There are 2 protein chains.
Amino acid sequence: MTMSNTGGRRKPPTIHDVAREAGVSRGTVSRVLNGGHYVSPSAQEAVNAAIRRTGYVVNRHARSLITGRSDSIGFLLTEPQERFFEDPNFNVLLRGCTQALAAHDVPLLLMLAGTEDERRRITRYITAGHVDGVLLVSSHSGDPVAEELREAGVPLVACGKPIGLGSRVSYVAADDRDGARDMVAHLLSLGRRRVGTVTGPLDTPGGVERLAGYREVLSEAGVEADDRLVVSGDYSRASGEAAAERLLEQAPDVDAVFVASDLMAQGVLTALHRAGRRVPEDVAVGGFDDSPAATASSPALTTIRQPWDRISAEMVRVLLAEIGGEDPAAVILPTELVRREST
Amino acid sequence: MTMSNTGGRRKPPTIHDVAREAGVSRGTVSRVLNGGHYVSPSAQEAVNAAIRRTGYVVNRHARSLITGRSDSIGFLLTEPQERFFEDPNFNVLLRGCTQALAAHDVPLLLMLAGTEDERRRITRYITAGHVDGVLLVSSHSGDPVAEELREAGVPLVACGKPIGLGSRVSYVAADDRDGARDMVAHLLSLGRRRVGTVTGPLDTPGGVERLAGYREVLSEAGVEADDRLVVSGDYSRASGEAAAERLLEQAPDVDAVFVASDLMAQGVLTALHRAGRRVPEDVAVGGFDDSPAATASSPALTTIRQPWDRISAEMVRVLLAEIGGEDPAAVILPTELVRREST
DNA sequence: TTCTCTACTGTGAACGCTCACAGAAGCGCC
DNA sequence: GGCGCTTCTGTGAGCGTTCACAGTAGAGAA
């Protein structure tokens, strides 16, 4: 009989204990643990029973030491963190990645690199092989960390197309341009002709692509382009409010606004309200993200839903594939127009 | 000269390489790595130089294998995750813990235990010693995971006082009762006498304590208690809205409401607005949390600020102390009344 | 029979580190 | 000189696993 798998909390059982218990050798237990190839059914059975009886759990440190793999992956955020942690999409992403990895029994290490110091420390940590791969969230271009990791050959999947890097880095992104096109087309279909836009930061792929989609549709529809209808924000609520004020000043006849994020759209609504413009009667407002902010604001925002659940799942899938030796890949996922009260 | 600490990305340098490079033994390098006791200044110097030259980074797996420590800690969330991930406080907490741990060079493993299956797997993972300690976020009582971990002797710090468990588990919490007292006293000081409350779930410490604070102050002020003024919610926006409707029905003469969370308070504002009550003229509304929702809503919410930055820092401090062998501890941190437009 | 092939099993050696121990060197004190 | 003490250093062992290799046994083919 085995002793104490519940009571005496001394040393945890090792592969050796399991082997003795099952009447086989370490090697056989190890083989069972790693897929069970070249193991007789009877041995298989005996080992599994022994594992259950002893409460054995593999020591990942010992395993990692010899395999060189760490069997864990990092979730790296290289941004001023306040902004991201306030972004509901970020949370969906983080949760989705954690869950998707958990399904593969891979723990996720959360790493924040806000300051230059942290950046250095974390890069060292990663390149030292403490994680097998990295899920990177860093919208801005020219991120030195991404470049370093890529050069060091660390498997890497970015969320959103990294602007600065070459094509040899994997990424998963929603189809920003197409989403923007859908929204602007929707605004035009309502009969609006003075359609403005509040862009995101133009050193982010999202900012650039959404603006491009906006311009494309207007030009295809033969609507006159007017630079006074284009103002920039930084995805924050406050910047949306400021942008809307600028927009009203530059183009008082604006009758619709495509805002590149829901958070900014909230700010836009506030500014419009203060200016006495009714939404959607006077000005139709379209957001982007379908964040909780979209339903929280009044009127509820028509917006573009990004498939964050699929994005996180795809990021994990691509990263695991890359760790498994496959080549980098880019995945673009479709967006969806969600119509609510603001248009 | 050393070869390839940047170019040839073969095997990372080991403690052996550093020792050879520095002209000392493995033991001396190890001692330098672990605090530098019993090491001569000259050796110290030589080793540090060699580390810099070779780009050596300690292999934590090898270290963990022998020390038995994993030098990582888990952040465990045992809740239906949607709710928590949408809670801005949760994000501040997660970020704070990650940063506080990073300062100690300890990586944080994010673990979500939503389903029964995940719960089992994660409990196994933790009790197998893959993390040195756990930061637990689980507001509801009777959490089996917490109990199991406690029994297994895993160092544990909860966020908020765990109701079900004995006193032998550490926790860090804001002073809910005192915060509630401050808010209700504030409402009374405005001359309100029909002060209602929307409570949180009453199987959470926050829910219970905040209600207790509310009752204490009313009774101390000699204001007549009235059960029609007390309704319950579940911290969600929607539940706040429903609660406010019930409240208006049961006690139409209500002139102030203490709501146990900002999110619920948003719902309360919506319901009051719909019912044609002005805030704060007809009904003063006080929230709890000082979340972004507090400034996002209009009118901006008077609320109670919980010191989440300090809470996370204290959780980490207490956990590291407990891992270091100290006894469990409870830390209660003061809250702060933030006055805005809703009162 | 003998040889080969397949399916399975056991046995050292690592992996990179820390720990315990044994020593060496220096110093002061009897 | 002998002894003890402190400070410093090197060495072997071993943490729990996987991997490469060397077997063993049984089946089928020559």
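Letters go in sequence order (proteins before strands), and every chain restarts at 1. Model, not experiment: these values are computed from the prediction.
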Worksheet item: Under 4.0 angstrom, heavy atoms only, what part of the nucleic acid is B:Arg60 near: base, sugar-phosphate, or nothing?
Response: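 Contact class for B:Arg60: none.
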Does OP1 or OP2 of [N] have a side-chain N or O of [X] closer than 4.0 Å?
X	N	answer
B:Asn59	C:dC15	no
B:Tyr38	C:dC21	no
A:Ser64	C:dC15	no
B:Ser30	C:dT18	yes

[X] [atom1] - [N] [atom2] separation (whole Å):
X	N	atom1	atom2	result
B:Ile66	C:dT18	CD1	C1'	4 Å
B:Ile15	D:dG14	CD1	P	19 Å
B:His61	C:dC15	NE2	C1'	11 Å
A:Leu65	D:dG16	CG	C1'	9 Å
B:Glu45	D:dC8	CD	P	15 Å
A:Arg31	D:dA20	CZ	C1'	11 Å
A:Arg26	D:dG14	CZ	P	14 Å
B:His16	D:dG10	NE2	P	12 Å

What nucleotide, of [options], holds the atom closest to the side chain of [X]?
X	options	result
B:Val39	D:dC8, D:dT17, D:dT9	D:dT9
A:Arg63	D:dT18, C:dG10, C:dC17	D:dT18
B:Thr28	C:dT18, D:dT9, C:dC17	D:dT9
A:Ala62	D:dC8, D:dT18, D:dG16	D:dG16
A:Ser25	C:dC15, C:dT9, C:dC19	C:dT9
B:Thr67	C:dT18, D:dT18, C:dG10	C:dT18

Worksheet item: Going by atom types alone, do B:Glu21 and B:Thr54 pair a side-chain donor with an acceptor below 3.5 Å?
Response: no
Worksheet item: Are any non-hydrogen side-chain atoms of A:Met111 and B:Leu108 less than 4.5 angstrom apart?
Response: no
Discussion item. Once you measure the plane-to-plane angle for A:Phe75 and A:Phe90, does it fall in the parallel (<30°), tilted (30-60°) or perpendicular (>60°) bin?
Written reply: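 Geometry flag for A:Phe90 against A:Phe75: perpendicular rings.
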Worksheet item: So, for B:Leu333 and B:Arg310, which heavy atoms are closest and what is the spacing to 0.1 Å?
Response: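 Between these two residues, the closest heavy atoms are CD2-NH2, 3.4 Å.
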Worksheet item: Taking B:Arg121 for the side chain and B:Glu116 for the main chain, is one N or O donor matched with an acceptor at less than 3.5 Å?
Response: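 No; judged by distance alone, with no hydrogens or angles, the pair does not exist.
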